[in-house]
S.K.: 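This is the structure I want to talk about, given as structure tokens.
Here is how names work: the chains are called A, B, and so on, in the same order as the sequence lines, proteins then strands, and each is numbered from 1.
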Protein chains: 2
Amino acid sequence: MPKAEVADLTSNRLLDALEPASRKRIDPHLRPVSFKLGVTVCEAGGLLRHAYFPQGAVLSLLTVLEDGSAIETANIGREGAFGLFAAMYSRVSFNRCLVQLEGGMVRCPIEVLQTEFRNSEHVRDLFVSYSETLLSQVQQTVACNALHSTEERMCRWLLMMHDRAEGEALPYTHEFLSHMLGTNRKSVTLAALSLQRAGLIRYSRGKIQIVDRRGLERVSCECYAIVKKRFDAFLKPPATAVAGNSRRRGKPLSS
Amino acid sequence: MPKAEVADLTSNRLLDALEPASRKRIDPHLRPVSFKLGVTVCEAGGLLRHAYFPQGAVLSLLTVLEDGSAIETANIGREGAFGLFAAMYSRVSFNRCLVQLEGGMVRCPIEVLQTEFRNSEHVRDLFVSYSETLLSQVQQTVACNALHSTEERMCRWLLMMHDRAEGEALPYTHEFLSHMLGTNRKSVTLAALSLQRAGLIRYSRGKIQIVDRRGLERVSCECYAIVKKRFDAFLKPPATAVAGNSRRRGKPLSS
DNA sequence: TCCGATCTGGTCAAAACTGAACACATTTGT
DNA sequence: ACAAATGTGTTCAGTTTTGACCAGATCGGA
């Protein structure tokens with residue numbers, strides 16, 4: 001990962017991918033925000049006034065059930081943003097969103113992004129492509145939660161966070177992990193013990209240190225790698241080689 | 001349901017919501033297609049040349065894993081379409097898509113929809129709003145698979161299909177259900193037995209008849225109602241759309 | 001009408017996960 | 001330095017789920 005991740009901690013890949021004209025219009029509206037670990041950025045059902053672009057931070061999207069339990073369905077790092085659907089259309093978040101890793105983050109008023117989305121095909125492509133990739137992350141999570149063991153899922157989760165934590169110890173208790181993974185604490189403790197005994201991680205009282213990343217990747221299910229690959233790739237043009245389709249050329253409408 | 005579902009079987013709510021000018025341009029390109037139950041409309045990773053708009057049919061989106069197992073992450077009836085992300089941007093489907101209920105369906109070439117998406121804000125709003133709702137369905141499924149019992153999930157699934165099957169018996173074997181739900185056949189058989197003994201369903205050899213719909217709703221988890229509500233609402237303007245969680249629901253049957 | 005394929009339900013044994021409770025260790029705040 | 005709060009590992013006793021396998025029922029095609 002080091003290779004691809006050298007970008008400094010004050011950039012967001014989605015913002016950086018904007019065409020210069022859009023970026024120039026958006027830039028003046030960007031404001032750095034800083035949230036503490038665990039803070040709720042937005043409640044489920046809440047109205048959104050800004051979209052959030054993590055630079056070093058990581059956000060987590062949760063689905064909240066009637067009984068108050070909540071489970072992670074996706075997370076967002078500096079490859080993406082929270083609130084794009086709101087910016088594209090809805091203004092309302094179906095999810096609770098919380099800060100899972102502290103770090104740099106900027107926000108941008110919804111209306112500014114709406115205007116760009118309306119006027120720039122390039123921006124639309126970016127937002128839509130990111131949204132599709134986010135959808136695929138959630139879909140992978142459906143499969144993962146149903147078909148993979150707690151241990152595999154935990155590895156996957158640790159790897160995702162490790163990619164973004166710059167070698168820091170991950171600040172999570174077993175209890176917290178159990179909520180994210182939708183399992184119970186006992187299962188997490190067992191998986192954690194097993195990983196620690198295998199020399200892959202070391203932890204104590206809410207700090208998890210990744211010791212053997214390669215090892216973790218081996219124990220993890222495939223879901224980690226698949227999702228990572230998609231997020232690494234989503235900015236590239238889609239299936240360009242297809243014959244006969246020139247989507248770049250705006251054909252006149254029905255004339 | 002009867003109220004909202006009386007629309008005839010040759011309409012698709014998403015198509016019907018298009019503004020007249022768009023609809024007029026799109027209509028000449030629509031072609032009815034008819035697929036048999038269980039047919040794969042598109043493989044995971046496949047290139048899409050059309051979007052599909054079910055009228056009476058139901059499509060299922062599956063995430064396929066390396067070992068060949070596949071699990072349902074969402075389904076699409078006549079409130080929506082398959083291939084909209086392709087139409088908006090990507091042309092490639094991350095999912096396998098298969099026919100889960102036979103019925104009317106029309107398709108439309110991607111390029112036609114792309115043009116509309118590019119030129120009409122109204123069309124963009126429709127497609128984006130639907131996509132967001134689809135995302136929320138998948139997110140609900142993440143929570144459901146992780147936190148609800150096989151019996152609850154099966155009720156939810158049967159209800160979703162029953163809404164669309166016009167009173168027909170549902171043509172599914174336990175084995176098939178087990179794949180959709182990501183559990184094993186035995187668990188499905190147990191849940192099915194329990195539901196049958198409670199007088200909620202009756203089945204034999206791949207035909208499941210819903211006997212007591214209300215009862216099923218009581219036993220189902222909340223996920224059914226939440227997702228249904230969102231799909232019923234997504235065409236309304238965002239200010240009024242339903243965002244959050246609804247009232248309490250179901251206890252498990254004791255068996 | 002019979003054969004073969006399919007579907008369901010049952011057994012059995014094992015594994016995985018759950019839930020509550022509690023002791024101990026470590027950290028934090030005073 | 002001490003008390004309180006927090007995190008982890010364990011126990012025990014449950015339930016749920018899994019996987020393999022087979023018997024009987026039923027259906028459809030030859």
S.K.: A:Y172 side chain N/O closer than 4.0 Å to the phosphate oxygens (OP1, OP2) of D:dT8?
M.R.: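 False: A:Y172 side-chain N/O out of range (4.0 Å or more) of D:dT8 OP1/OP2.
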
S.K.: Whole angstroms only, please: what is the CZ-P distance between B:F176 and C:dT6?
M.R.: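 The answer, rounded to whole Å, is 16 Å.
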
S.K.: For the pair made of NE2 in A:H174 and C1' in C:dC17, what is the distance, rounded to whole Å?
M.R.: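 These atoms are roughly 17 Å apart.
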
S.K.: Are the side chain of B:S178 and the backbone of B:E175 linked by a donor-acceptor contact shorter than 3.5 Å?
M.R.: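 Yes, the answer is positive, given that a donor and an acceptor are paired below the 3.5 Å cut-off.
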
S.K.: Under a 4.0 Å heavy-atom cut-off, which of residues 181-192 of chain B touch DNA chain D?
M.R.: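 Heavy-atom cutoff 4.0 Å gives B:T183, B:N184, B:R185, B:K186, B:S187.
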
S.K.: Between B:Q139 and A:T63, does any side-chain donor sit less than 3.5 Å from a side-chain acceptor?
M.R.: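 Side chains of B:Q139 and A:T63: no pair found under 3.5 Å.
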
S.K.: I need the CZ-C1' distance between B:R153 and D:dT16, as an integer number of Å.
M.R.: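 In whole Å, D:dT16 C1' and B:R153 CZ are 12 Å from each other.
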
S.K.: According to a strict under-4.0 Å criterion, is A:T173 in side-chain N/O contact with OP1 or OP2 of D:dT6?
M.R.: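 False: A:T173 side-chain N/O out of range (4.0 Å or more) of D:dT6 OP1/OP2.
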
S.K.: Go nucleotide by nucleotide along DNA chain D from the 5' end; which of A:G206 and B:T150 gets its closest nucleotide reached first?
M.R.: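 It is A:G206, whose closest nucleotide lies nearer the 5' terminus.
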
S.K.: Just by distance, no angles: are the side chains of A:E151 and A:S194 close enough, under 3.5 Å, to form a donor-acceptor pair?
M.R.: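 Yes, side-chain donor-acceptor contact under 3.5 Å.
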
S.K.: Using 30° and 60° as the class boundaries, would you call the ring planes of A:Y172 and A:F176 parallel, tilted or perpendicular?
M.R.: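 Rings of A:Y172 and A:F176: parallel, under 30°.
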
S.K.: Using whole Å, what does the distance between atom P of nucleotide D:dG19 and atom CG of B:D67 come to?
M.R.: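 It is 11 Å, rounded to the nearest whole Å.
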
S.K.: Could you tell me how far apart A:L177 (CG) and D:dG7 (P) are, to the nearest whole angstrom?
M.R.: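 In whole Å, D:dG7 P lies 12 Å from A:L177 CG.
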
S.K.: Pick out which of B:I210, B:D212, B:L170 makes a side-chain contact (heavy atoms from CB on, under 4.5 Å) with B:I201.
M.R.: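 Passing option: B:I210.
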
S.K.: Could you check whether A:R230 makes a cation-pi contact with B:F94, meaning its NZ or CZ is under 6.0 Å from the centre of the six-membered ring and within 45° of the ring axis?
M.R.: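 Yes, a cation-pi geometry holds between A:R230 and B:F94.
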
S.K.: Distance check needed: C:dT8 P versus B:R202 CZ, whole Å only.
M.R.: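 Going from B:R202 (CZ) to C:dT8 (P), I get 15 Å.
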
S.K.: Which nucleotides of nucleotides 23-30 of chain D have their base under 4.0 Å from a protein heavy atom (B), which only their sugar-phosphate (S), and which neither (-), written as one string 5' to 3'?
M.R.: --BBS---

S.K.: Give a yes-or-no answer on whether the side chains of A:Q100 and A:E72 include a donor-acceptor pair shorter than 3.5 Å.
M.R.: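 A:Q100 vs A:E72: donor-acceptor pair found between side chains.
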
S.K.: If I take atom CE in residue A:M154 and atom P in nucleotide C:dA16, what distance separates them, rounded to the nearest angstrom?
M.R.: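 Rounded to the whole Å, the gap is 16 Å.
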
S.K.: If only atom types and distance count, is the side chain of B:N145 paired as donor or acceptor with the main-chain N or O of A:N145 below 3.5 Å?
M.R.: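 Such a contact is absent between B:N145 side chain and A:N145 backbone.
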
S.K.: With no hydrogens and no angle check, do the side chains of A:D163 and A:Y224 hold a donor and an acceptor under 3.5 Å apart?
M.R.: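 There is such a pair (donor and acceptor under 3.5 Å, judged by atom type) between the side chains of A:D163 and A:Y224.
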
S.K.: Output the rounded distance in Å from CD (B:E175) to P (C:dG9).
M.R.: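 It works out to 14 Å between those atoms.
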
